[in-house]
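Report on one structure; see the data block that follows.
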Amino acid sequence: MTSAGGQDQMVVASESGMDEIDASAPETTVLGPGSPARPWQALPGWAVFVLAGAAWWLVGFLPWIVEGLHVDSSSAWPNFYTVDTPRVALPFGEYQFPALLTSSIIGGVAALAVARLGAATVARPRLLAAGGAIVAMTVALGQTLLTVTPGLASMFEARLLVLALAVAAIASALLGVLVGAAFAGRRGVAWLLAGALLASFTGPWFTDLVHRGPAVDQPWTELVARTYPGISGVVLGLVLGAYGARPARRRLGWLSAVVIAWAIPVGLSLLAYVTYAVTRGPLRQSVITDLAHSLRGELHYWLTPTVRIVGPLVLAVVIGAVLSGMRVSRANDHPS
């Protein structure tokens with residue numbers, strides 16, 4: 001027979017199950033039916049589903065919404081008037097692949113964050129939130145395709161562009177949901193890597209929001225464009241600080257997070273270059289050869305130390321170290 005004190009006891013295991021308890025690790029609360037929920041955790045299951053879908057689009061694609069939702073002018077759909085193209089839910093065009101990926105990552109994290117607002121009686125809130133995000137993506141992609149397809153030019157390149165954009169939208173949405181699910185879970189390695197991805201895309205998302213907004217011609221927008229890596233650096237620093245630096249093995253996670261933050265800007269630049277090149281016409285051998293040669297040049301350029309800015313990464317490590325030290329100090333001052 002279990003005592004009342006035994007019923008209330010929670011055993012917290014370290015990542016390996018045998019290591020010492022990390023004094024700087026955050027407390028983990030597992031909510032279930034009958035568990036005491038926090039005041040903001042009161043949403044029923046249907047509300048989690050609906051609000052997660054809304055958050056995926058309204059938050060993730062806010063830059064596109066602010067710009068007016070007009071599809072880009074393109075030779076792929078020449079029947080649309082250049083000055084007043086139809087409105088679509090997703091950014092579509094030769095240059096919109098990075099925007100699709102960035103908005104989907106931010107949207108996925110926003111959607112899965114809604115799962116944390118679910119009541120304690122809601123079973124599998126993250127699964128409900130993921131379902132809401134996927135349904136929202138399906139509706140948005142369907143509306144976009146139904147709007148663009150009637151004006152599509154009768155050429156292979158136009159069909160290829162639409163197919164590539166549709167595949168990119170689906171793949172990006174699924175990746176965003178996975179990142180959001182990991183970030184909405186326990187603070188383990190998956191949480192840290194998801195946080196690094198979130199931090200890496202926050203800067204480009206914010207810059208895109210500013211450049212698509214009504215203040216695009218203001219002088220301060222150029223300053224935002226130059227300093228947006230610092231935004232990603234601050235967010236990454238907060239993630240590192242929340243994850244903690246003790247025990248020592250957690251520093252390997254820090255290294256992985258910094259590498260991700262360093263590589264994502266390069267990946268976005270190469271993605272924009274590749275997708276534009278491959279959607280311009282049939283992929284003949286000469287085109288692939290020229291693309292591979294150009295990619296080597298682009299990669300060499302972006303990996304040059306004078307081009308890559310390491311300041312935001314240093315800032316992230318400093319912020320993470322300060323926050324981790326403060327948490328350790330508090331733990332030592334108030335031992336349990």
Side-chain angles (χ1 to χ4, degrees), residues 12-13 15 25-33 35 37-38 40-62 90 100-141 167-202 204-205 232 235-236 238-244 250 253-254 256-257 259-261 263-264 267:
V12 181
E15 294 175 5
E27 295 181 359
T28 303
T29 303
V30 181
L31 294 176
S35 300
R38 298 180 177 91
W40 60 85
Q41 293 174 318
L43 292 181
W46 66 266
V48 171
F49 182 87
V50 172
L51 290 179
W56 180 84
W57 189 70
L58 291 175
V59 177
F61 292 86
L62 183 59
L90 299 179
L100 275 173
L101 177 59
T102 300
S103 294
S104 295
I105 295 294
I106 300 298
V109 174
L112 270 295
V114 176
R116 302 180 70 91
L117 305 179
T121 54
V122 175
R124 301 184 182 277
R126 280 192 290 173
L127 186 60
L128 283 174
I134 292 174
V135 169
M137 179 274 297
T138 304
V139 173
L141 180 59
V167 171
I170 295 171
S172 299
L174 293 177
L175 177 60
V177 167
L178 290 176
V179 172
F183 196 67
R186 298 174 183 270
R187 283 185 195 173
V189 175
W191 182 90
L192 174 65
L193 299 183
L197 283 170
L198 171 63
S200 301
F201 284 99
T202 299
W205 178 88
S232 294
V235 176
L236 180 60
L238 296 176
V239 169
L240 294 177
Y243 182 69
R250 286 179 175 255
W254 280 41
S256 301
V259 170
I260 289 175
I264 289 298

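Below, each value reflects all heavy atoms present in this structure, side chains not excepted, and no hydrogens, waters or symmetry copies.
Formation of a donor-acceptor pair under 3.5 Å by the T202 side chain with backbone atoms of S232 is not found in this model. Side-chain N or O atoms of W191 include none that pairs as donor or acceptor with a backbone N or O of A182 at under 3.5 Å. For W56 (side chain) and I134 (main-chain N/O), no donor-acceptor pair under 3.5 Å exists by modelled atom type. The backbone N or O of G244 sits less than 3.5 Å from a side-chain atom of W254, completing a donor-acceptor pair. Using modelled atom types, one side-chain atom of R116 and one backbone atom of A184 make a donor-acceptor pair closer than 3.5 Å.
Residues meeting the side-chain contact (heavy atoms from CB on, under 4.5 Å) test with F201, sequence neighbours left out: L101, T102, I105, I106, L197, I264, L268.
Atom CG of L51 and atom CG of L58 lie 10.0 Å apart (nearest 0.5 Å). The distance from atom OH of Y243 to atom CG of L236, rounded to the nearest 0.5 Å, is 13.0 Å. Expressed to the nearest 0.5 Å, how far OG of S200 lies from CD1 of I260 amounts to 7.0 Å.
Between G131 and F49 the shortest heavy-atom distance is C-CE1, 3.5 Å. Heavy atoms only, all atoms of each residue included: W205 and L62 are closest at CZ2-CB, 4.0 Å. Between G53 and A136, the closest heavy-atom pair is O-CB, 3.4 Å. Nearest approach of V48 to P125, heavy atoms of both residues: CG1-O, 3.8 Å. What you find for A115 and A129 is that their closest heavy atoms are CB-CB, 4.0 Å. Nearest heavy atoms, V122 versus P44: CG2-C, 3.9 Å.
Considering only heavy atoms from C-beta on, V239 stays 4.5 Å or farther from L198 through its side chain. Here the side chains of F61 and L100 are in contact, with some heavy-atom distance below 4.5 Å. Contact check for S256 versus L192: no side-chain heavy atoms found under the 4.5 Å cut-off.
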